[in-house]
Amino acid sequence: MKNRLEPPRPARRILAHLRYYSSSHQIQRDLEDEFRLRLSEGSRTRALFWYWRQVLFALSANIKRRFSSGGIMLRNSFLAAFRVIRRHRLFSFINIAGLAAGIACCILISIWVREEMSVNGFHEKIDRLHLVRSRFRSGDAANEISGTPPRLGPALSAEYPEVLGMARLFNWQPEILLKTDLGVFREKVQFSDNSLFNLFTFPMVKGGGPGEAWGASDMVVSERLAAKLFGDRDPVGQTVTLDNRIALQIRAVMKNIPANSTLKFEAWAPFEAFIQFSGQSGFLDNWGNFAFRTYVELEGSVRPEAFGKKIEGRIKKAVPEASIESFVYPFKDYYLDLLERGQTIRLFSLIAVLVLVMACINFANLSTARAERRAREVGIRK
């Protein structure tokens, strides 16, 4: 029965935490007495509604009072800072500009470093993708190249169960005349296996789907190139003539490849189209042409070093007189380590830190130099 005569506990706790009401117990007692009086004259629901309304009013008044006092102090501080800047223009400009320049340089370098670190990171299978490389000796020096013979990729895919997928890319992107109804355009075309789109994440915006089986006369273009070749028309199903003699059909339009990608191309065509273009019917059936890059997708549990040991003698097995060994390199480390961009990133990161530290030291030194005047001003303000 006693609890029914008392105001609700959550409401009393709110009042206890408010600065003005917590220091005045008389006000809290007056509110409790008024609550009991209303409770005796009417229903408990109305008394509770009145008490909660008083609590909410007190809470809003407390918040408004805090913002009002804080706003006055903040406005006063800004006014004092503006007067100091106006009175000492040259000193303020040097001090503020130096610190601002240091912070701006650090931010810009950080943005660049973040962009560099994200290269190739958009590929969904990045952790399982590996580049097959070749190692050979020239005198006493050991040399490594990213070129592989065209027969190596299919052999790895057929003979090693660890290989889940394989794609070969022609190292050279020849400039070819592409003819459509809107005119003739000279564009670079990437020739590769059609499994390229199963390994790498190049999403399609029109046509094409997961596991699409591309034909020998199919072609894929980017959104940018599709707009150039066909304007506002739907490019899927349209015909493009390569070199005025090879007719290919647009099978899909892929999303523009982002700038942070080491694999870049606007148009893709299968190796069969290159055979027609170049007339080299047997260029895929030899072990001596190293003008191809071979990418493989390995099982997640496979260690690249161990798999490299297994395949290092595969070329020699096919060509006994060859002295070239094969191994795999993680594609996620290709840009930072193999192309040695990691050293540049670390150097620029160090420069960003040094610039920011020097800017802070310069700001602190200039501010300390005027400590005497600031001490008198602070004393007056106190």
Side-chain angles (χ1 to χ4, degrees), residues 119-120 122-126 129 131-132 146-148 150 153-154 157 165-180 182 184-230 233-280 283-284 291-297 331 334:
V119 170
N120 292 329
F122 62 92
H123 294 293
E124 297 176 357
K125 300 179 179 180
I126 184 68
L129 294 178
L131 172 65
V132 182
S146 296
T148 55
S157 180
M166 179 278 304
R168 298 166 297 176
L169 281 77
F170 197 39
N171 277 335
W172 178 42
Q173 292 184 7
E175 286 191 353
I176 304 177
L177 293 178
L178 306 181
K179 183 179 179 181
T180 65
L182 296 182
V184 179
F185 308 89
R186 182 179 292 274
E187 299 291 338
K188 291 184 177 181
V189 179
Q190 175 68 69
F191 295 97
S192 78
D193 292 313
N194 53 30
S195 55
L196 170 74
F197 298 100
N198 295 331
L199 266 64
F200 298 95
T201 305
F202 297 128
M204 303 296 168
V205 295
K206 290 182 179 179
E212 181 75 21
W214 308 98
S217 60
D218 291 336
M219 189 176 186
V220 177
V221 294
S222 66
E223 291 179 290
R224 189 183 300 110
L225 184 57
K228 184 177 180 180
L229 296 178
F230 303 101
R233 291 181 298 170
D234 185 2
V236 177
Q238 300 288 343
T239 300
V240 177
T241 304
L242 272 68
D243 200 33
N244 289 323
R245 54 193 175 90
I246 306 170
L248 298 181
Q249 189 178 58
I250 302 298
R251 187 68 175 271
V253 178
M254 67 179 181
K255 193 174 182 179
N256 292 329
I257 298 177
N260 60 340
S261 174
T262 55
L263 294 177
K264 296 180 180 179
F265 55 91
E266 297 290 333
W268 170 89
F271 279 132
E272 291 82 358
F274 182 77
I275 293 174
Q276 298 180 57
F277 169 73
S278 63
Q280 302 178 25
F283 89 117
L284 290 177
F292 297 82
R293 280 172 293 156
T294 303
Y295 295 91
V296 294
E297 177 190 355
F331 183 63
Y334 173 76

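Computed from a prediction, not measured in an experiment: that's the story for all the values here. When reading the values below, keep in mind they use all heavy atoms of this one structure, side chains included, and skip hydrogens, waters and symmetry mates.
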Peer 1: Identify the two heavy atoms, one from Ala226 and one from Val221, that lie closest to each other, and give their separation to 0.1 Å.
Peer 2: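 Nearest heavy atoms, Ala226 then Val221: CB-CG2, 3.9 Å.
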Peer 1: Mind checking side chain to side chain contact (heavy atoms under 4.5 Å, CB included) for Lys179 and listing every partner two or more places apart, or none if nothing turns up?
Peer 2: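 Once residues adjacent in sequence are excluded, the partners of Lys179 under the side chain to side chain contact (heavy atoms under 4.5 Å, CB included) criterion are Val184, Thr241, Asn244.
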Peer 1: Applying side chain to side chain contact (heavy atoms under 4.5 Å, CB included), run through Ile176 and Phe191 and close with a yes or a no.
Peer 2: CA-CA 12 Å; Ile176 304 177; Phe191 295 97; 3.7 Å; yes
Peer 1: Where do Arg168 and Pro154 come nearest, in terms of heavy atoms and distance?
Peer 2: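 Heavy atoms of Arg168 and Pro154 come nearest at NH1-CG, 3.7 Å.
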Peer 1: List the residues meeting salt bridge (charged side-chain N to carboxylate O under 4.0 Å, His left out) with Glu272, not counting sequence neighbours, and say none if there are none.
Peer 2: none
Peer 1: State, to 0.1 Å, how close Val236 and Arg251 come at their nearest heavy-atom pair, and which atoms those are.
Peer 2: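 Nearest heavy atoms, Val236 then Arg251: CG1-O, 3.9 Å.
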Peer 1: For Phe197 together with Trp268, are the ring centres under 6.0 Å from each other?
Peer 2: yes
Peer 1: State, with a plain yes or no, whether a side-chain heavy atom of Met219 is found less than 4.5 Å away from one of Leu242.
Peer 2: yes
Peer 1: Just wondering, do Phe202 and Phe122 contact through their side chains at under 4.5 Å, heavy atoms?
Peer 2: yes
Peer 1: Starting at CD of Glu175, measure out to CD of Glu187 and round the result to the nearest 0.5 Å.
Peer 2: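 The CD atom of Glu175 sits 8.0 Å away from the CD atom of Glu187.
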Peer 1: What do you reckon, is CD of Glu124 surrounded by more than 12 foreign heavy atoms closer than 6.0 Å?
Peer 2: no
Peer 1: Can you name the nearest heavy-atom pair linking Val296 to Met166, along with the distance?
Peer 2: CG1-CG, 4.2 Å
Peer 1: Ring centroids only, cut at 6.0 angstrom: are Tyr295 and Tyr334 within range, meaning strictly under it?
Peer 2: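 That pair fails the under 6.0 Å test.
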Peer 1: Might you point out which heavy atoms bring Leu248 and Ala273 nearest each other, and give the distance in Å?
Peer 2: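 Scanning both residues completely, I find the closest heavy atoms to be CD1-CB, 4.1 Å.
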Peer 1: Would a 4.5 Å heavy-atom cut-off, applied to side chains only, mark Asp218 and Val220 as touching?
Peer 2: no
Peer 1: Measure from the side-chain N and O atoms of Arg245 to the backbone N and O of Gln276, and report whether any donor-acceptor pair falls under 3.5 Å.
Peer 2: yes
Peer 1: Which pairs of donor and acceptor atoms, one on a side chain in residues 259-267, lie under 3.5 Å apart (sequence neighbours left out)?
Peer 2:
from	atom 1	to	atom 2	distance (Å)
Asn260	ND2	Ser118	O	3.1
Asn260	ND2	Ser118	OG	3.2
Ser261	OG	Leu263	N	3.2
Ser261	OG	Leu263	O	2.8
Thr262	OG1	Asn120	OD1	3.2
Thr262	OG1	Asn120	ND2	3.0
Lys264	NZ	Ala259	O	3.1
Glu266	OE1	Ser222	OG	2.4
Glu266	OE1	Arg224	NH1	3.3
Glu266	OE2	Arg224	NH1	2.6

Peer 1: Nearest 0.5 Å, please: how far is CG in Asp193 from CZ in Phe271?
Peer 2: 5.0 Å
Peer 1: Enter the distance from Thr201:OG1 to Leu129:CG here, rounded to the nearest 0.5 Å.
Peer 2: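 Rounded to the nearest 0.5 Å, the OG1-CG separation comes to 8.0 Å.
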Peer 1: For the atom pair OG (Ser146) and CZ (Phe292), what is the distance rounded to the nearest 0.5 Å?
Peer 2: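 Between atom OG of Ser146 and atom CZ of Phe292 there are 14.5 Å.
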Peer 1: Is there a side-chain contact between Ile250 and Phe230, using heavy atoms and a 4.5 Å cut-off?
Peer 2: yes
Peer 1: Does Ala167 offer a backbone N or O that forms a donor-acceptor pair with the side chain of Arg293 under 3.5 Å?
Peer 2: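 Not at all, since once roles are kept as given, no pair shorter than 3.5 Å links the two residues.
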Peer 1: Between Gln238 and Thr180, is there a side-chain heavy-atom distance shorter than 4.5 Å?
Peer 2: no
Peer 1: Let me confirm one number: the OG1-CD distance from Thr239 to Gln249, rounded to the nearest 0.5 Å.
Peer 2: 5.5 Å
Peer 1: Enter the distance from Asn198:CG to Lys125:NZ here, rounded to the nearest 0.5 Å.
Peer 2: 6.0 Å
